[in-house]
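To start, the structure itself, in structure tokens.
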Amino acid sequence: MPELPEVETVARGLQQAIAGRRIMSVSMGKTDFIDDPAAIEQQLPGRRIERVERYGKFMLLRLSEANGTAKGSDGGTKDIGSATRESASAALLVHLGMTGNLAPSLAALPHEKHTHVTFLLDDGRELRYTDSRRFGRMAYLERAPLGVELERFGADPLEITSEEFAELVRGRRARIKALLLDQSVLRGVGNIYADESLWRAQIHPARLGANLNLREVEVLRRALQAILRNAIALRGSSISDFLDAEGQPGEYQRHHRAYGREGKKCFRCGATIRRAIVAGRSSYFCPACQHAPRGKRRTGKRVKRMSGKSGSKG
DNA sequence: CGTTGAACCTGTTTGC
DNA sequence: TGCAAACAGGTTCAAC
């Protein structure tokens with residue numbers, strides 16, 4: 001469910017709502033989606049949530065240092081000055097999967113179904129993680145392992161330059177849809193925004209990255225960035241159940257041009273939007289203005305080509 | 001290197 | 001109304 005704009009929306013909401021709060025205790029239900037549940041139960045109580053960030057489709061709850069050095073004579077004011085850099089960059093990593101949600105609520109309110117993790121905060125509220133399918137992920141990571149973990153991911157789609165994007169895409173023979181979805185290429189793009197970007201750029205999802213020309217690649221990058229920015233401004237897409245940290249749905253689903261519109265008319269040319277499986281995922285596109293890759297068309301026309309592109313090796 | 005299908009788990013929608 | 005199949009915003013892994 002949540003892609004970059006939805007995760008950004010949730011992260012901003014949480015930053016507003018819970019940054020600075022201290023975690024008093026943790027309780028857990030099902031934990032099969034948590035890397036090391038015991039680590040969370042042991043490490044989180046007593047720590048403050050310094051801030052909430054987004055990294056691709058992950059949320060990072062940056063944690064204060066463990067204040068476990070028990071010998072403090074009084075429980076008084078803490079020194080924030082010095083060591084906030086070293087071990088302070090431990091974090092709780094949260095991925096919402098398809099159905100995850102992380103939001104604060106009054107402790108007095110009954111738990112929603114599928115509430116699997118509850119953090120009691122120092123102001124009496126609870127930060128609750130719910131996830132019916134448990135496709136999400138949660139992990140407590142200290143500075144070094146966090147760095148290793150984050151290195152697995154590719155570029156931020158909102159930051160990537162023209163040159164970087166062109167190199168990533170044109171150096172690969174995978175389908176462009178697969179490349180957009182590949183988190184080690186770009187971090188944060190999912191099925192909705194991949195399809196929306198390709199529609200806007202008028203590029204068929206099954207085209208191979210290596211076969212896109214420079215103009216197409218740049219049009220695609222701009223389409224992707226414009227769509228992501230717009231979607232963030234509208235607080236994401238709420239298809240069935242996505243809600244932000246304040247329980248509000250997003251608005252961007254009203255702006256979808258391709259995703260979920262099978263059988264409806266293309267807003268640009270009036271042809272009928274089709275759905276096909278590309279890169280293993282439902283893909284919505286306009287067969288008229290997003291031209292299918294050559295050699296993959298079944299128009300009956302055979303295209304003769306000269307052979308002989310010797311490949312370079314890697 | 002790249003593709004495909006299955007698996008993870010639950011809920012909702014669709015079709016007969 | 002009932003029941004089964006298909007499908008869902010994601011990720012990972014084995015097999016080819």
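So you know, we letter chains A, B, ... as the sequences are listed, proteins then strands, and number each from 1.
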Is the backbone N or O of [Y] less than 3.5 Å from a side-chain atom of [X], with the two atoms forming a donor-acceptor pair by type?
X: A:E50; Y: A:G20; result: no
X: A:Q253; Y: A:S238; result: yes
X: A:D195; Y: A:A258; result: no
X: A:Q225; Y: A:A223; result: no

Does [X] pair with [Y] as a salt bridge, N-O distance under 4.0 Å?
X: A:E196; Y: A:R200; answer: no
X: A:R152; Y: A:E149; answer: yes
X: A:D131; Y: A:K30; answer: no
X: A:R128; Y: A:E112; answer: yes
X: A:R207; Y: A:E216; answer: yes
X: A:E251; Y: A:R235; answer: no

Closer than 4.0 Å, any side-chain N/O of [X] to the OP1 or OP2 of [N]?
X: A:K57; N: C:dG10; value: yes
X: A:S282; N: C:dA8; value: yes
X: A:K113; N: B:dG11; value: yes
X: A:K30; N: B:dC9; value: no
X: A:R281; N: C:dG9; value: yes

Tell me the interatomic distance from [X], atom [atom1], to [N], atom [atom2], rounded to whole angstroms.
X: A:D131; N: C:dA8; atom1: CG; atom2: C1'; result: 13 Å
X: A:L4; N: C:dT11; atom1: CG; atom2: P; result: 11 Å
X: A:R134; N: B:dC9; atom1: CZ; atom2: C1'; result: 6 Å
X: A:L228; N: C:dG9; atom1: CG; atom2: P; result: 17 Å
X: A:L186; N: C:dG10; atom1: CG; atom2: C1'; result: 16 Å
X: A:M98; N: C:dT11; atom1: CE; atom2: P; result: 10 Å
X: A:H256; N: C:dG9; atom1: NE2; atom2: P; result: 11 Å
X: A:H114; N: B:dG11; atom1: NE2; atom2: P; result: 4 Å

* For residues A:H116 and A:Y129, establish whether the separation of their ring centroids is below 6.0 Å. =>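 Centroid distance A:H116-A:Y129: not below 6.0 Å, so no.
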* **Face-to-face stacking of A:F135 with B:dC8, centres under 5.5 angstrom, angle under 30°** =>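 Stacking is present between B:dC8 and A:F135, given that their ring centres fall under 5.5 Å apart and the planes under 30°.
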* **Nearest heavy-atom neighbours spanning A:I40 and A:I34** =>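 A:I40 and A:I34 have their closest heavy atoms at CD1-CG2, 3.5 Å.
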* To do: Select one nucleotide: of B:dT10, C:dT11, C:dA8, the one nearest the side-chain heavy atoms of A:H95.
  =>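 Within the option list, the nearest is C:dT11.
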* Asked: What does A:Y193 touch in the nucleic acid at a heavy-atom separation under 4.0 angstrom: a base, only the sugar-phosphate, or nothing?
  ->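 The residue A:Y193 makes no contact with any strand.
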* To do: Fit a plane to each ring of A:Y259 and A:H256, take the angle between them on a 0 to 90° scale, and name the class: parallel (under 30°), tilted (30 to 60°) or perpendicular (over 60°).
  =>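 Perpendicular, since the angle between the ring planes exceeds 60°.
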* Nearest-nucleotide comparison on DNA chain C, the residue closer to the 5′ end among A:R133 and A:L181 ->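 Per heavy-atom nearest nucleotide, the more 5' residue is A:R133.
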Taking only nitrogen or oxygen atoms into account, show me every contact under 3.5 Å that the protein makes with nucleotides 12-16 of chain C, one pair per line with its distance.
| from | atom 1 | to | atom 2 | distance (Å) |
| --- | --- | --- | --- | --- |
| C:dT12 | OP1 | A:R152 | NH2 | 2.8 |

Please write out each protein N/O paired with an N/O of nucleotides 1-4 of chain B under 3.5 Å, distance rounded to 0.1 Å.
| from | atom 1 | to | atom 2 | distance (Å) |
| --- | --- | --- | --- | --- |
| B:dG2 | OP1 | A:R172 | NE | 3.4 |
| B:dG2 | OP1 | A:R173 | N | 2.9 |
| B:dG2 | OP2 | A:R172 | NE | 2.8 |
| B:dG2 | OP2 | A:R172 | NH2 | 3.0 |
| B:dT3 | OP1 | A:R175 | N | 3.3 |

* To do: Using the P atom on both, measure C:dC3 against B:dC9 and round to a whole Å.
  =>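 Here C:dC3 and B:dC9 have their P atoms 25 Å from each other.
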* When rounded to the nearest Å, what value does the distance between P atoms of C:dA5 and B:dA6 take? ->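 Those two atoms are separated by 15 Å.
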* With pairs taken as Watson-Crick or G-U wobble and both distances under 3.5 angstrom, which stems of at least three consecutive pairs involve DNA chain B? ->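 Correct response: B:2-8 with C:10-16, B:10-16 with C:2-8.
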